[in-house]
Amino acid sequence: MNTITVKSPASVANLCCGFDIMGIALSGLYDVMTLTKREEKGISIKHIDKYNLPEDPAQNVAGVALQAMMDALQYPNGFDVIIDKQIKPGSGIGSSAASATGIVVAANELLGKPFGKKELVAFAMEGEALASGSRHADNLAPCIYGGLTLIRDTATLDIIELPIPPMYVNIVHPQIEIKTSYARQILPKEVPLKSAITQWANVAGLIAGFIKADYGLISRSLIDVIVEPVRSKLIPGFDEVKKKSLEAGALGGGIAGSGPSLFMFSENIDVAKAVEAEMIKVYKSLNIEYKTYITTIGEGVVVDNS
Ligand code: HSE
């Protein structure tokens with residue numbers, strides 16, 4: 001096999017209280033990448049999307065991730081890469097993670113799977129670091145493992161795959177861009193103990209709720225007292241969308257990753273449709289362009305055999 005095409009999913013990191021440690025893969029929203037082995041050394045990247053991302057491999061999230069893998073293998077040849085991004089950069093639903101993970105999964109397949117999932121996350125993290133200025137794996141791990149993942153420790157990549165009960169996921173993406181690096185820069189460096197206690201209680205509650213498929217507990221635990229109060233100010237309509245979504249019956253939700261997208265979990269499709277209608281109303285009234293999606297929790301990067 002010399003050529004492979006993969007679909008690399010969007011993802012939602014943090015899930016309110018789990019800043020930098022939790023994330024889910026989404027179904028039906030993905031980038032498409034085609035990788036071809038070549039004799040000539042190096043990486044050449046071509047984007048066939050509308051996002052004008054750098055094609056210099058050293059400045060491209062996917063290029064940096066692939067280079068990390070090639071360096072580890074001391075790979076003597078090279079790759080041609082074609083990327084069709086569907087996930088808008090700066091949307092909050094893991095655009096850079098989709099680039100970084102899709103390429104390493106694709107290369108690993110082409111090379112006969114020399115690496116396991118954890119090593120793939122480590123290579124992809126090099127790309128994520130270029131995009132956000134920080135090493136975190138909460139979008140990357142669900143793209144590699146699928147479903148819901150917990151990063152207990154980023155330095156050693158202690159990644160735990162967790163069950164999650166069926167839920168619908170609403171996404172609303174107001175068409176503004178928030179750079180992850182900026183959304184990280186504005187966060188407090190220290191946290192009062194009282195807030196920390198609330199936050200770790202909610203993380204524990206949320207994980208327990210997922211494992212027990214206890215929707216009430218999930219709903220009560222989707223609270224972020226540390227990051228959301230700071231970042232939500234960057235997102236027009238945030239408070240209104242959240243309030244109206246909860247009134248429409250959503251279990252809860254908040255900022256998707258570093259924003260500007262918001263996510264909401266719902267137990268059934270009727271509620272998800274009602275939530276979407278409320279999201280649309282808010283952004284129409286604010287005269288802000290938006291995109292909405294109703295999706296579910298999905299698998300990681302898959303080989304596209306179509
Ligand atoms: N956990 C990250 C953040 C996700 O919220 O900054 C975005 O890359």
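Whatever order the structure lists ligands and atoms in, that order sets their numbers, starting from 1. Fair warning: this is a prediction, and the values are worked out from it, not measured in the lab.
Contacts between Val227 and ligand 1, counted as non-hydrogen atom pairs separated by less than 4.0 Å, are absent for every part of the residue. With a heavy-atom cut-off of 4.0 Å, Asp138 touches ligand 1 through its side chain alone. Contacts of Met22 with ligand 1, taken as heavy-atom pairs under 4.0 Å, are absent altogether.
When the side chains of ILVMFWY residues are joined at heavy-atom separations under 4.5 Å, either directly or via intervening members, Ile288 and Phe238 end up in a single hydrophobic cluster. When hydrophobic clusters are built by joining Ile, Leu, Val, Met, Phe, Trp and Tyr residues whose side-chain heavy atoms come closer than 4.5 Å, directly or via intermediates, Val230 is not grouped with Phe263. Criterion: ILVMFWY side-chain heavy atoms under 4.5 Å apart, direct or through other members. Under it, Leu148 and Leu251 are part of a common hydrophobic cluster.
Shortest contact from atom 3 (C) of ligand 1 to any protein heavy atom: Arg184 NH1, 3.3 Å. Annotation: atom 8 (O) of ligand 1 to nearest protein heavy atom, His136 NE2, 2.8 Å. Ranking the protein heavy atoms by distance from atom 4 (C) of ligand 1 puts Asn139 OD1, 3.6 Å first.
Interface atoms of ligand 1 facing Thr180, defined by a heavy-atom separation under 4.0 Å, are 6 (O), 7 (C), 8 (O). Residue contact check: Asp20 has heavy atoms under 4.0 Å from atoms 1 (N), 2 (C), 3 (C) of ligand 1. Every atom of ligand 1 is numbered from 1 in the order shown, and the set under 4.0 Å from a heavy atom of Gly257 is 5 (O). Taking every non-hydrogen atom of Phe19 and a distance limit under 4.0 Å, the qualifying atoms of ligand 1 come out as 3 (C), 5 (O), 6 (O). Proximity to Arg231 (heavy-atom distance under 4.0 Å) selects the following atoms of ligand 1: 3 (C), 5 (O), 6 (O).
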message: Run the side chain to side chain contact (heavy atoms under 4.5 Å, CB included) test on Ile159 and Val121 for me, step by step, so that the C-alpha distance in whole Å, both residues' side-chain angles and the decisive distance to 0.1 Å come before the verdict.
response: CA-CA 10 Å; Ile159 298 167; Val121 173; 4.0 Å; yes

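Heavy atoms from other residues, nucleotides or ligands lying under 6.0 Å from CD of Glu55 number more than 12. In the displayed structure, Tyr293 atom OH is contacted under 6.0 Å by more than 12 heavy atoms of other residues, nucleotides or ligands.
Side chains of Thr295 and Ser27: a donor-acceptor N/O pair is present below 3.5 angstrom, by distance only.
Using cut-offs of 30° and 60° for the angle between ring planes, the Phe79 and Tyr75 rings count as parallel.
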